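Chain letters run A, B, ... following the sequence lines, proteins first, then strands; residues in each count from 1. These numbers come from a predicted model, not from an experiment.
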Amino acid sequence: MSALRRKLLRDLIRLWPQALAIALVLATGVGTMVLANGAYLSLFETRATYYENSRFADIFATATRAPKDVAADIARMDGVAIAEPRITALALADLPGVAEPASVMMISIPDNGPQRLNRVVLRKGAMPGPGSFDEVLISESFAKANGFEPGAQFDVLLNGVSRSLKVAGWALSPEYVYTIGPGELMPDERRFGVVWMPERELAAAYNLNGAFSSLLVKLVPGSSESKIIEGIDTALKAYGGQGAFGRKYQTSHAFLDAELLQLKAMSLILPPIFLLVSAFLVNMTLSRLIALEQEQIGLLKALGYSSWAVARHYLEFVTVIAILGTLIGMALGAWLGSGLAELYARFYRFPSLVFARDLQTYAIAAAAALTAALAGALQSTISAARLPPAIAMAPPLPARYHKLVTGLFDVARIFPQSTLINLRHLAHWPWRTAGAILGVALAVAVLVGSLWSFGSIRYLIDVTFNRSDRQEASIYFPTAKPMAAAFSVARLPGVLKVEPFRSIAVEMSFGSKKRRVALTGRPVGTSLSQVLDVNLKPVPLPGEGVVLSKALAGILGAARGDIVEVKLLEGESKTISLPVSSIVEGYFGLSAYMEINALNAKLGEDAAISGVNLDIDSSQRAELYAQLKQMPSTRFVTFQKIAMQKFRSTMAENIYTMLSVYISFAAIIAFGVVYNFARISLSEQGREMASLRVLGFTRAEVSALLITELAIVVLLAQPLGWIVGYGFAQAMASAFETELYRIPAIVGREVYAYASIVVCLAAGVSALIVRRRVDRLDMVAVLKTRE
Amino acid sequence: MLNGRPEAGVASGPVLRTRGLCKTYRTGEVEVQALRNVDFEARPGEFIVILGPSGSGKSTFLNIAGGLDSATSGEAWFEDHSLTQASEAQLTRYRRDHVGFIFQFYNLMPTLTALENVRLVTEIARKPMRPEEALALVGLEDRMDHFPAQLSGGEQQRVAIARAIAKQPALLLCDEPTGALDSKTGIRVLEALALVNERIGTTTLVITHNAAIREIAHRVIYFANGSIARSETNTVRKAPSEVSW
Ligand SMILES: Nc1ncnc2c1ncn2[C@@H]1O[C@H](COP(=O)(O)OP(=O)(O)OP(=O)(O)O)[C@@H](O)[C@H]1O
Ligand SMILES: [Mg+2]
């Protein structure tokens, strides 16, 4: 090994804590990149493979009752590869271990021959036999949550008739990778499941012999989805068609899309931040290392080493660190990736997960890490290469300190002499002081940028469940009913209060933008479920016009006063124009509201309601639930409290897991920056400190000098960190926003406080480590050699 | 260019030559004339001692002669190659192939051992001696694996000499090599310099504040106020061991 390489090695060993600190920060960048990209690809590939193997449909349509001939006609349309008619129906279920009414989605499976689209994967047991009766397949998660082994039985209300179904086997379907019940915010495996039943039985139960209520369509690759949707809508118009839609609006698919979107956002936002910080750290460390080695560099040049050889020496130093960081980051990313995959397995029901180990991701991550490190090294390496060799000949120059700005100097008189040394030192290298402040500020910012979400989620839960939707339960009817239905619910045991609502599927458009949403009608002055404006004040629904949630208004680009077109997707299909009367808050989905009578008037209907929101007397809950389970006029029931708990526990698992990763990364950054700064200050001031010790200063006095400097930098960095962190929080919130939900970027004071505490702790630990080194400072050695 | 060193007896011209060499330092408003019209020649194998008061321009002159610094005006040649016209890369080659430096403050790499410090040079030189051999010449064969911090000042300086002579340079430039040493150690260092000068015919320039040392030189140059005030040739040279201070 050449002598220069040997110096490199010794430098690395000598500076290992600093080198490792930089490598770890780099590793966080590489790690998040590998993690996010790997998870994205894995999920994407898993989904694609599953969709392919199970022949997931492209278009979905429902009708009240359409003859099978219509499906055959649709199958013959240009661009349609397969059109598979089937029967689907939502049914109430009475489950042995579940107090509340549960619901199941009944789906028919063909009597002769296999399913052609949305094929199920059998996970346990067997398909119902050819001559079976009341035998069904149930979705795996539902089976597990309720402990339904093959052979188990449970009751459902099929078209008003109670039936006891026997579990033949467990299955998975591409349609329910994310199995969320109707009207729910979060999956609840106990209370919602999918049940596959032979078509002959389901048809008999719902009087749909020779007919279908749901249609799956597979397109010929390259054909126009919108054109075929139009064709299907026309074909099903006479049979109660409710508007066909593509995968985009298929619930499970949309949730997967949202997850993919967030992963993409994560891979685009976080790694650059971490890499930026590492580049900065490399810059800080290297430029100061080079400043310390000036004479050695001069010497190398005096000995005949070229500028390039000198530059290469330091580039190699950085490259070794970059490689180390990349390797740690890759291991970290792969490890976290498998953890994430496990997390996915809990939320998303795939028959198997494909682990995409994409070389390109690793290559890009490595290249990014190296680029960041080299970019950080660039400026200092160039200045190293430019150092004149004569510097080796000169005796060590005492640094020329300036009086601080004259005014400041007078102020400085009131400080003890040691603080004056600190201030002079900080002012003498303004750039490196600014750099250190910026570095510490970035650490604070990264922490603020990840810690905010805890409070925001709490806020979101509070707004959604305690202020906006305060009802305990909501009952949805199978079809719109007259207002009288609300009164009959009110007479049920334990019902304290009833508020009706109307909900109708519409396609809302403004200009070229359009979206399928549920348009909800409510009476004025409801107290259970209310619409809140952006200041969280209840909004009285206007007599005319429609109220849009912020997210929907944003997507459509519609503002207050604009006229939106609303196409009804249920019942009589027609399009109405409505003025936007206000924009309101709302974190889940895209929503639109109208005053219920105004809505009914527009629909051309008498007072009709789709369901009711309830307040319940808890002492009579059991009785109420028992009656609801048997009520044919109930399509499904949702429970806000359960939803809230589910939301909390799911978030706890999902977001909090991710967050703990970011927070540890942020802590690493904080420590890396502060520690490096402290160490470099120490080596810069080593001689000065040893001299002070010689003069009779105590160890404590000497380390206080260093620690005070550190403290000044850390303190000055806080406000800047808060500001930048607020920016990070906003960027994260908007990047993580999807059409399904968004998390408000609420950055509470405690977030700033926590971030600052973590950074100050990191600073404290660094200070202690450095302090120990000061204690061991060898006066003789420092003064003897000229470093 | 700047390749090929004079074979013994073949080269008759000067190894180092300067004409009207000037160097001006400018720091803000203040101008310092460090060198004023220095004319100088050093013949192959000559041992020259440079004396002069502090600030008289000795180091500045040596730095330019060694290709470490550039002149403001005037010319300098190594053999028939101009140093004042040379590019950065050519100066690097010049230092690598022909010049050995010894500094007052030893300037060893603190993270390399004595042997490795010498190797730093032998690895890139064209016709080096073995690093062990160079260290043996200065009497440090049994301290080869010590780091600078584990050596005394005189030992560090001898490592620096070993490093400078290991490439068998045409020119050895020493800036106060004994400045930080006691007389006994200083003499050991001078002996090593004289030995190299004799054995491999290296032209040697030694700056010193110690007038006693002038007696071991072929020639003594006196710097004053940025130029050469006078020059005298010793008819009789003393061996380093005969000098005392
Ligand atoms: N980098 C510099 N900037 C400004 N002036 C300089 C610089 N280097 C040297 N000088 C000035 O040039 C003059 C000559 O300096 P030089 O170092 O050559 O003196 P010297 O003869 O070696 O002195 P000493 O015996 O003290 O080492 C001095 O006045 C010095 O102050
Ligand atoms: Mg000098």
Side-chain angles (χ1 to χ4, degrees), chain A residues 1-16 289 292-313 317 385-397 400 402 683 686-687 690 777-787, chain B residues 27 59-60 62-64 66-70 88-113 115-126 131 147-153 156 160 163-164 166-167 169 173 175-176 179-180 207:
Chain A
M1 198 188 326
S2 76
L4 211 52
R5 285 269 158 73
R6 208 160 274 207
K7 168 179 178 317
L8 180 75
L9 210 67
R10 298 240 169 84
D11 283 346
L12 281 168
I13 293 168
R14 182 169 61 95
L15 300 172
W16 75 265
L289 182 72
L292 288 172
E293 293 195 349
Q294 274 204 14
E295 287 131 29
Q296 296 188 38
I297 293 167
L299 175 72
L300 284 173
K301 292 184 138 188
L303 294 177
Y305 282 88
S306 64
S307 299
W308 162 239
V310 168
R312 200 182 56 193
H313 175 67
F317 179 79
R386 285 218 186 117
L387 274 179
I391 215 158
M393 299 292 265
L397 267 185
R400 203 141 34 97
H402 298 282
S683 41
R687 284 181 77 82
L777 204 65
D778 182 344
M779 284 177 273
V780 182
V782 171
L783 294 176
K784 182 172 162 189
T785 49
R786 182 185 175 207
E787 277 191 72
Chain B
T27 340
S59 298
T60 307
L62 208 70
N63 287 354
I64 295 171
L68 293 181
D69 210 344
S70 58
E88 156 77 29
Q90 287 164 337
L91 285 179
T92 300
R93 278 224 76 82
Y94 165 59
R95 292 195 300 268
R96 175 186 292 217
D97 296 334
H98 304 295
V99 187
F101 285 104
I102 297 168
F103 312 97
Q104 180 179 0
F105 297 100
Y106 332 135
N107 276 357
L108 300 178
M109 291 274 168
T111 50
L112 296 181
T113 62
L115 186 69
E116 288 161 356
N117 260 291
V118 177
R119 215 175 254 159
L120 198 59
V121 166
T122 54
E123 269 164 7
I124 57 169
R126 280 195 309 153
F147 283 95
Q150 299 166 328
L151 296 170
S152 76
Q156 290 187 49
R163 187 179 58 190
K167 69 167 78 155
L173 304 176
D175 195 348
E176 301 184 40
I207 295 180

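- A distance of 8.0 Å separates CG in B:L112 from CD in A:Q296, rounded to the nearest 0.5 Å.
- A:K7 pairs by the side-chain hydrogen bond (donor to acceptor under 3.5 Å, both in side chains) definition with A:D11, A:E293, A:H313, not counting sequence neighbours.
- Using a cut-off of 4.0 Å between Lys/Arg side-chain N and Asp/Glu carboxylate O, A:R6 and B:E123 are scored as not salt-bridged.
- Between chain A and the residues B:L115, B:V121, B:T92, B:L120, the largest count of heavy-atom pairs under 4.5 Å involves B:L120.
- Between B:G67 and A:P389, the shortest heavy-atom contact is O-CG, 4.3 Å.
- Under the salt bridge (charged side-chain N to carboxylate O under 4.0 Å, His left out) criterion, the residue pairs touching residues 298-312 of chain A are A:R312-A:E316, with sequence neighbours excluded.
- Heavy atoms only, all atoms of each residue included: B:R96 and A:Y305 are closest at NH2-CA, 4.0 Å.
- Using a 4.5 Å heavy-atom cutoff, the side chains of A:L299 and B:L108 are not in contact.
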